[in-house]
Amino acid sequence: MAPMADTYDFRNIERPWQERWEREQIYIADSDDPRPKYYTMEMLPYPSGDLHVGHAKNYTLGDAVARTMRMLGYNVLHPMGWDAFGLPAENAAIARGIDPGTWTKSNIANMERQVRLMGTGYDWRREVATCDPEYYRWNQWLFLRLYENGLAYKREAPVNWCPHDQTVLANEQVIDGRCWRCGHLVERRNLSQWFLKITDYADRLLAGLDELDGWPERTKTMQRNWIGRSTGVTLKWKIEQSDATFETFTTRVDTIFGVTFVVLAPEHPAVAAIKSIVSKKNAAAIETFAESLQSKSELERTSLMEKEGVATGAYAINPLSHERVPIFVANYVVAEYGTGAVQGVPAHDERDFEFAKKYGLPIAQVIAQSDVGVDAPLTEPYTGEGRLIASGDFTGMRSERARDVIAEHLKAAGIGGKTVHYRFRDWLVSRQRYWGTPIPIVYCERCGEVAVPDDQLPVLLPADVPITGEGSPLARDEQFINTTCPSCGGPARRESDTMDTFFESSWYFLRYLDARNDAAPWAIDHARHWMNVDQYIGGAEHTVLHLLYSRFFYKFFHDQGWVSGSEEPFQRLFHQGMVLYNGEKMSKSRGNVVGIDETADKNGVDAMRLFLLYVTPPEDTSDWTDEGITGRVRFLNRVWRASEPFLAAAADVSPRELPPIASAEDRSLVRAVHVVAKSMVDEVSSRRFHFNTTIAKLDELVNAMTTAAQKTPDSRAFLYAVHALPLLLAPYAPHIADELWSRLGHATSIHLERVIEPEDAALEVDEITLVVQVNGKIRARINAPPGIAEDEAIALALADPNVRAQMDGKEVRKRIFVPDKLVNLVVA
RNA sequence: GGGGAAGUGGCGGAACGGCAGACGCAGCCGCCUCAAAAGCGGCCGGGGCAACUCGUGUGGGUUCAAAUCCCACCUUCCCCA
């Protein structure tokens, strides 16, 4: 269908504008600009190949924010990049024999084209791709700084192993016992791995959340829960007939007299000592039990499997009561969590209760729920507070107080004391895969573990490595592996692990600031000027992973003096909702992906952007519908018809100056302009970003203009609206806005203009509708001048026949008056 | 099991203690047209001829006034275990 003269001909209008914006570099931002800075960005995408409208929702939202802030006079930095390392590239290599680098680069090229196609305004000079050696070189550099500061270390540990992806995973990347990427059940293996000591920053990561007013509460709560700080008591236990000891951690030391057994993780070091003192039969049983759990994941052991254990035959001595209690090994205690040993208090802990029931262990109640005392045996554990019973010297004390008193007592006796415990653990960053940043460490026969010196960075990822999906590709590459020791010059082997891709996405927002710096990851001056990020926009799936890692890195950078100001990288955070199609998440396998190219070609980019912003508030999940976008195509056509024929006449009517008002229609038209202007500003300053309401108000304005175009096309108010409309459309529908603007005779892009400042004079109305209620029910609506006084309003209300009929001569008990809104007469 | 968020016409949503359903989609009627599409105008929660009346998941409460605040319950979704 050929575009008619009275429709917005997006096919011939949108692309030329994108080219012109590019040519004129209108979106570049520099730190020497005198305007106040505003740093906003969306989470960088993984270049999977094609963008769909779900991506578009994210970038359109960010773009609308960036454009509005620019129009409000800010020096807006809005950059873009690619999270370009990761498994899909390797999987493509396995499936189709394509080189991961080639695959990734062609995806980036395509997606970059699509991002430009969406009309999103980025400062492309700052673009980064994390697989670029000039980027990952600084990954390695940062890794070495962490290493020097004792924050990167290698140790053998039981780790999460994904048998499908053939690599280890960080705890944060295991969701319900499954690999976050491929969904396969994770196994446990003992491997020597690189960790980052994020736990050193636990308290600062917690404290920092308190200052993040611009973050969703949910996200902060989830991070707090993930870190999982708890305060309790660590106490030391002796094993009968052995020199071996172990420690337990408990938040309920007040129940110490209720311990009737202890449980060790089968991997606990003290288990070896126990095996040497118990009977051969017992030792063998422990061994068999431990072996049966070897590859079981933590989730299986602690949640999925029934609680099972084996009595070791050994006994431990309660450090306080000196009672002798049996030692068990059990599946539900994991060596990596806490001390790897748990004191069993079945009367007051659910898991212990379950275990004691199963193995017929005594249940000793030591906390009484009421002051009355124990009346009946427990049928379920009591986990609340109460008064201590059967607890030696501490009997009769309130449990809350007993926790402190007992802790003091243990400390004085040298057998324990208060400690803080965290649920999260150090960040495992090794990956046994090819497409990632090589860890810059070599192993020398003579010198051991040696850091690659800075001047030998980057350690380049070798090309032409066979990728089979089995084992680590780099470990097999002799050319890569064999090297010389930077310290002694002797033969050495390179680390074959690459870094978790979350490493590079933890600091990319700093590289944007100084993307081409080849002497440092960024210059501190740039960080000082731009940080922190004023507004960060991205999906809620990153609440723990990426956002926690980035906060950790940023605090480390702060300690190194590489950034200044706030210790938090992201001042404000916004999670946009997903886009569904036919009620389902878009995915290639389901075949329900709505692509950018098709949509742009069929409906135009401005219509797509408007639809995505209009359909729901941005934080909600929205449904893509073909009817819905049609509505926005129609809207743009209405804009065109109500503006385009009048542009010549409107050229001389300034949108910066209120026009003369000749009629009520004039007034409401001018008011409609300012209602939109106010909404546009309010939605960014409140950071609510509910542009759906702004666009609804734009609809109202355009509807009013459509009427005026037919009735009073010569009125100054109408022509004022024609000239103002593009300024109101600019953040959401940038192409049509610039096209109309240029046809109004402006030589420079509308995106360098200021917003229309909402003016109170224009927002005023000359008549308000006063709602009159009798006993809270609406009985009349009266037109009245704004600012009408209470007495007058009530007099008008009482004069209304309908109101009088309802009052039925009864006495007015109370009069409620809400200025310009409502009168409520309470009668009886 | 614990915590959180949400429930409004046929649909997406608006209203953040004060006119419920803005705006859009779908639908219906009309104009235009040979006809259709597009466009333009109108109608569009239920009941009632009407005055009115009922209505924001369910039940209570606070208030002159509740979609909005509080309590309980139901349902859905998301986290954690």
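FYI, side chains are in, hydrogens and waters are out, and symmetry mates aren't considered; it's all heavy atoms of this structure.
Residue contacts for A/Arg641: at a heavy-atom cut-off of 4.0 Å it reaches the sugar-phosphate backbone alone, with no base atom in range. Residue A/Asn824 is in base contact, counting any heavy-atom pair closer than 4.0 Å across all strands shown. Within the 4.0 angstrom heavy-atom criterion, base atoms lie near A/Val818. Among the heavy atoms of the strands lying under 4.0 Å from A/Asn703 are primed sugar atoms or P, OP1, OP2 only; no base atom is included. A/Phe635 comes within contact range of no nucleotide atom at all, as no heavy-atom separation falls under 4.0 Å.
Between B/rC79, B/rA22, B/rC54, one nucleotide has an atom nearer to the side chain of A/Glu700 than all others, and that is B/rA22. Of the candidate nucleotides B/rC23, B/rC19, B/rG41, B/rC19 has the atom nearest to the side chain of A/Val771. Residue A/Thr707 has its side chain nearest to B/rG41 when only B/rC79, B/rG41, B/rC52 are considered.
To the nearest whole angstrom, the two P atoms, one in B/rA15 and one in B/rU33, are 42 Å apart. For B/rG18 and B/rG7, the C1' atoms lie 23 Å apart once the distance is rounded to whole Å. A gap of 12 Å separates the C1' atoms of B/rU62 and B/rG17, to the nearest Å.
Glycosidic conformation at B/rG9 (O4'-C1'-N9-C4 for purines, O4'-C1'-N1-C2 for pyrimidines): syn, within 90° of 0.
Mapped onto RNA chain B by nearest heavy atom, A/Arg638 and A/Met222 fall at different nucleotides, with A/Arg638 at the one closer to the 5' end. Comparing A/Gln710 and A/Thr769, the nucleotide of RNA chain B nearest to each residue sits closer to the 5' end for A/Thr769.
For A/Glu385 and A/Arg403, the salt-bridge test passes: some basic side-chain N is under 4.0 Å from an acidic carboxylate O. Using a 4.0 Å cut-off between charged nitrogen and carboxylate oxygen, A/Glu354 and A/Lys357 do not count as a salt-bridge pair.
Nucleotide B/rG24 holds its P atom 17 Å from the CD1 atom of A/Ile629, rounded to whole Å.
Side-chain contact between A/Leu796 and A/Val823 is absent, with no heavy-atom pair separated by less than 4.5 Å.
OP1 and OP2 of B/rG4 both lie 4.0 Å or more from every side-chain N or O belonging to A/Arg224. Within the 4.0 Å cut-off from OP1 or OP2 of B/rC52, at least one side-chain nitrogen or oxygen of A/Asn802 is found. Residue A/Arg634 has a polar side-chain atom (N or O) positioned under 4.0 Å from OP1 or OP2 of B/rA26.
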### Dot-bracket summary - RNA chain B, pairs being Watson-Crick or G-U whose distances fall under 3.5 Å, with | when paired to another strand
(((((((..(((.....[....))).(((((.......))))).(((....)))..(((((..]....)))))))))))).
Protein-nucleotides 14-17 of chain B N/O pairs under 3.5 Å:
unit_1	atom_1	unit_2	atom_2	d
B/rA14	OP1	A/Asn692	ND2	3.0
B/rC16	N4	A/Arg688	NH1	3.1

